[in-house]
Enquirer: 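Before we start, here is the structure in question, set down as structure tokens.
Nothing fancy with the numbering, it's 1 onward along the sequence. All figures in this text were calculated on a predicted structure; none of them were measured in a lab. Order of listing sets the numbers, starting from 1, for every ligand and every atom in it.
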Amino acid sequence: MSERFQPPAQRRPWPLLRALGPRWNSEDPWGEPESGPPDGSPPSPGAAALMLLLPVTMFHLLLVARSGPARLLGPPPYLPGLEELWSPWALLLCLTWLGLQAALYLLPARKVAEGQELKDKSRLRYPINGFQALVLTALLVGLGVSAGLPLSALPEMLLPLAFAATLTAFIFSLLLYLKALVAPASALAPGGNSGNLIYDFFLGRELNPRICSFDFKYFCELRPGLIGWVLINLALLMQEAELRGSPSLAMWLVNGFQLLYVADALWYEEAVLTTMDIIHDGFGFMLAFGDLAWVPFTYSLQAQFLLYHPQPLGWPLASFICLINAVGYYIFRGANSQKNTFRKNPSDPRVADLETISTATGRRLLVSGWWGMVRHPNYLGDLIMALAWSLPCGVFHLLPYFYFLYFTALLVHREDRDERQCLQKYGLAWHEYCQRVPYRIVPYVY
Ligand SMILES: NC(=O)C1=CN([C@@H]2O[C@H](COP(=O)(O)OP(=O)(O)OC[C@H]3O[C@@H](n4cnc5c(N)ncnc54)[C@H](OP(=O)(O)O)[C@@H]3O)[C@@H](O)[C@H]2O)C=CC1
Ligand SMILES: CC(C)CCC[C@@H](C)[C@H]1CC=C2C3=C(CC[C@@]21C)[C@@]1(C)CC[C@H](O)C[C@@H]1CC3
């Protein structure tokens with residue numbers, strides 16, 4: 001604590017975090033939020049509001065994408081009744097999908113990786129078979145379609161499916177909350193244990209909820225939502241082919257770019273074990289809803305938009321958009337791989353020549369290569385790709401740019417959180433890194 005760097009007085013935690021959090025420790029605003037029962041503070045309105053706002057936003061996007069004007073900022077075209085949202089078939093499909101992905105998760109893995117050290121000095125083990133699950137799902141879907149499975153009917157079911165996924169996420173979070181009541185204190189997440197029911201339900205109490213070796217957070221973060229997202233994209237492409245004779249170039253680009261992104265995440269699955277979601281955050285409604293509903297139904301928005309609003313796209317422009325996506329991917333993958341290689345083995349010849357600064361923890365920080373350009377080069381690459389996914393939808397609607405806008409806000413917020421954690425971990429060394437690499441995400445801009 002004594003050598004911890006004191007942050008500049010004018011920097012305050014983000015308003016969203018303060019609205020979300022039960023109490024911010026004013027003595028140490030850069031440290032963890034205090035846990036333990038709240039000192040009579042009122043229930044967290046931020047968490048309750050987000051719990052309503054996130055599903056409402058998702059349904060708004062789904063409804064607007066299929067409406068003629070497709071106005072992101074206008075009112076929804078109509079308010080669907082319960083009979084349009086609720087379908088036992090959609091719930092069955094949703095649960096079957098989860099069951100299939102769980103079965104694929106349990107198949108023998110090419111590798112079993114160890115996670116970061118936990119409070120009790122133990123390490124959890126995780127199967128590395130996400131890419132295998134993607135390939136097997138593709139084979140099963142291919143077999144199903146050739147046997148007459150009506151995949152192109154899926155877009156008609158998006159509303160009830162999204163409703164079923166939201167319901168599943170809600171019930172699942174409730175079970176996770178109850179499970180955490182009997183979990184030992186060492187299994188609880190640093191945040192999400194304030195004693196405020198709504199806040200804790202939202203953020204999640206247990207760090208790595210498991211039954212035997214089945215890790216729910218790790219499973220949900222990468223499998224059902226990400227693979228579900230590309231499956232929905234594929235169904236939209238097939239329906240477009242049925243409606244218009246063949247899929248449009250714009251639809252091919254969106255499908256191709258997003259498939260590359262998902263395949264990359266599953267190929268480099270082990271890297272997710274060092275993200276703050278796995279190391280630091282509890283598993284509650286935010287992540288459960290994010291993984292099971294938000295990712296598949298809102299990340300497929302561009303393909304949904306294109307089905308109902310076909311966009312002409314010539315090869316010259318398409319090639320330019322491919323170039324933007326390639327640049328984004330190059331930065332994203334280069335930065336992530338450089339850091340992962342360095343963290344695994346700093347003397348690896350691919351990173352051994354990079355300049356670093358030492359920290360009191362014994363870990364070093366890269367200050368050249370991608371991590372010497374900005375402090376979060378991987379976010380920059382991710383944002384450039386997000387832009388490339390929207391451009392095939394033209395520039396006359398804001399709706400397909402929703403992902404880019406939301407993602408910018410998410411990454412700026414995430415970057416701010418990560419900075420505070422790194423400042424706490426690395427103290428003065430982090431301060432030195434910030435001085436040597438002054439920009440956070442976009443060189444000379446931010
Ligand atoms: N599509 C989506 O919805 C989302 C995508 N993402 C993507 O997921 C990926 C992972 O992101 P995320 O988990 O946020 O964080 P990062 O992969 O950026 O990891 C941040 C950590 O990297 C280490 N680090 C930071 N600077 C340096 C340095 N100079 N040298 C060495 N190590 C450093 C620190 O951890 P330590 O020192 O402890 O190793 C820090 O906590 C990103 O590519 C991001 O774009 C993320 C969120 C949502
Ligand atoms: C519903 C809320 C607004 C926010 C929910 C956030 C989640 C959707 C994201 C939190 C971190 C994520 C990561 C990924 C997907 C989105 C969520 C789950 C990746 C798996 C995407 C692919 C990357 O290669 C790795 C990412 C890790 C973090």
Enquirer: Do the two ring centres, one from Phe342 and one from Trp371, sit under 6.0 Å apart?
Expert: no
Enquirer: Hey, looking at atom 45 (O) of ligand 1, which of Asp382, Asp264, Asp277 has the closest heavy atom?
Expert: Asp382
Enquirer: Please tell me whether Phe219 and Phe283 form a close aromatic pair, meaning their ring centres lie under 6.0 Å apart.
Expert: no
Enquirer: Can you list everything that forms a salt bridge (Lys or Arg N to Asp or Glu O under 4.0 Å) with Arg363? Sequence neighbours excluded, please.
Expert: none
Enquirer: Please classify the Leu410 to ligand 1 contact at 4.0 Å (heavy-atom distances, strictly less than): side chain, backbone, both or neither.
Expert: side chain
Enquirer: Does the Lys NZ or Arg CZ of Arg210 fall within the cation-pi geometry relative to Tyr126 - under 6.0 Å from the ring centre and within 45° of the axis?
Expert: yes
Enquirer: Given 3.5 Å as the limit, does a donor-acceptor pair link the side chain of His309 with the main chain of Gln304, or not?
Expert: no
Enquirer: Is it true that Tyr403 lies under 4.0 Å from ligand 1, counting heavy atoms only?
Expert: yes
Enquirer: Just need the protein heavy atom nearest to atom 4 (C) of ligand 2, so name the residue and atom and give the distance.
Expert: Leu410 CD1, 4.2 Å
Enquirer: Salt bridge check, Arg420 against Asp416: does any charged N sit closer than 4.0 Å to a carboxylate O?
Expert: yes
Enquirer: Kindly write out the residues that satisfy side-chain contact (heavy atoms from CB on, under 4.5 Å) with Ser173, not counting sequence neighbours, or none if the list is empty.
Expert: Phe201, Phe285, Ala288
Enquirer: Which atoms of ligand 2 sit under 4.0 Å from any heavy atom of Phe332?
Expert: 24 (O)
Enquirer: What do you reckon, does Tyr299 have a nitrogen or oxygen under 3.5 Å from a nitrogen or oxygen of ligand 1?
Expert: yes
Enquirer: Which protein non-hydrogen atom lies closest to atom 28 (C) of ligand 2, naming both residue and atom, and how far is it?
Expert: Glu221 OE2, 3.3 Å
Enquirer: Phe332 pairs by ring-ring contact (aromatic ring centres under 6.0 Å, His included) with which of Tyr261, Phe257, Tyr379?
Expert: Tyr261
Enquirer: Quick one: does Tyr268 get a heavy atom under 4.0 Å from ligand 2?
Expert: no
Enquirer: Can a side-chain donor-acceptor contact be found between Asn129 and Arg223 if the only test is distance below 3.5 angstrom?
Expert: yes
Enquirer: What I want to check is whether the side chains of Tyr268 and Asn340 have a donor and an acceptor closer together than 3.5 Å.
Expert: no
Enquirer: Which option, Met276, Lys425, Met385, Gln421, owns the non-hydrogen atom nearest atom 38 (O) of ligand 1?
Expert: Lys425
Enquirer: Below 4.0 angstrom from a heavy atom of Tyr261, which ligand 1 atoms are there? Numbered from 1 as shown, please.
Expert: 1 (N), 2 (C), 5 (C)
Enquirer: Quick test: of every protein heavy atom, which one is nearest to atom 11 (C) of ligand 2, and how far off is it to 0.1 Å?
Expert: Asp277 OD2, 3.3 Å
Enquirer: Relative to ligand 2, is Arg414 under 4.0 angstrom through side chain, backbone, both or neither, heavy atoms considered?
Expert: side chain
Enquirer: Between Asp291, Ile278, Leu222, Asp281, flag the one that comes closest to atom 17 (C) of ligand 2 by a heavy atom.
Expert: Asp291
Enquirer: Which atoms of ligand 2 have any heavy atom of Val295 under 4.0 Å away?
Expert: 8 (C)
Enquirer: Are any of the protein's heavy atoms under 4.0 angstrom from atom 22 (C) of ligand 2, yes or no?
Expert: yes
Enquirer: List ligand 2 atoms under 4.0 Å from Tyr261, heavy atoms only on the residue side.
Expert: 21 (C), 22 (C), 23 (C)
Enquirer: With atoms numbered from 1 as shown, which atoms in ligand 2 lie under 4.0 angstrom from a non-hydrogen atom of Leu54?
Expert: 1 (C), 3 (C)
Enquirer: Is the Trp430 ring parallel, tilted or perpendicular to the Tyr433 ring (thresholds 30°, 60°)?
Expert: perpendicular
Enquirer: For atom 21 (C) of ligand 1, grab the closest protein heavy atom and report residue, atom and distance to one decimal in Å.
Expert: Asp418 OD2, 3.9 Å
Enquirer: Strictly inside 4.0 angstrom of atom 19 (C) of ligand 2, do you find any protein heavy atom?
Expert: no
Enquirer: Which bit of Arg363 is near ligand 1, meaning a heavy atom under 4.0 Å away: side chain, backbone, both or neither?
Expert: side chain
Enquirer: Do me a favour and list the nearest non-hydrogen protein atom to atom 24 (O) of ligand 2 with residue, atom name and distance?
Expert: Ala265 CB, 3.6 Å
Enquirer: Kindly indicate whether atom 13 (O) of ligand 1 is approached by any protein heavy atom to under 4.0 angstrom.
Expert: yes
Enquirer: Note the single closest protein heavy atom to atom 5 (C) of ligand 2, along with its residue, its atom name and the distance in Å.
Expert: Gly290 CA, 3.9 Å
Enquirer: For the residue pair Trp389 and Phe407, is the inter-centroid distance of their aromatic rings smaller than 6.0 Å?
Expert: no
Enquirer: Where does Cys422 meet ligand 1, judged by heavy-atom distances below 4.0 Å: at the side chain, the backbone, both, or neither?
Expert: side chain
Enquirer: For the 3.5 Å polar cut-off, considering only N or O atoms, please tell me whether Arg375 and ligand 1 meet it.
Expert: no
Enquirer: For ligand 1, is there an atom lying under 4.0 Å from some heavy atom of Arg343?
Expert: yes
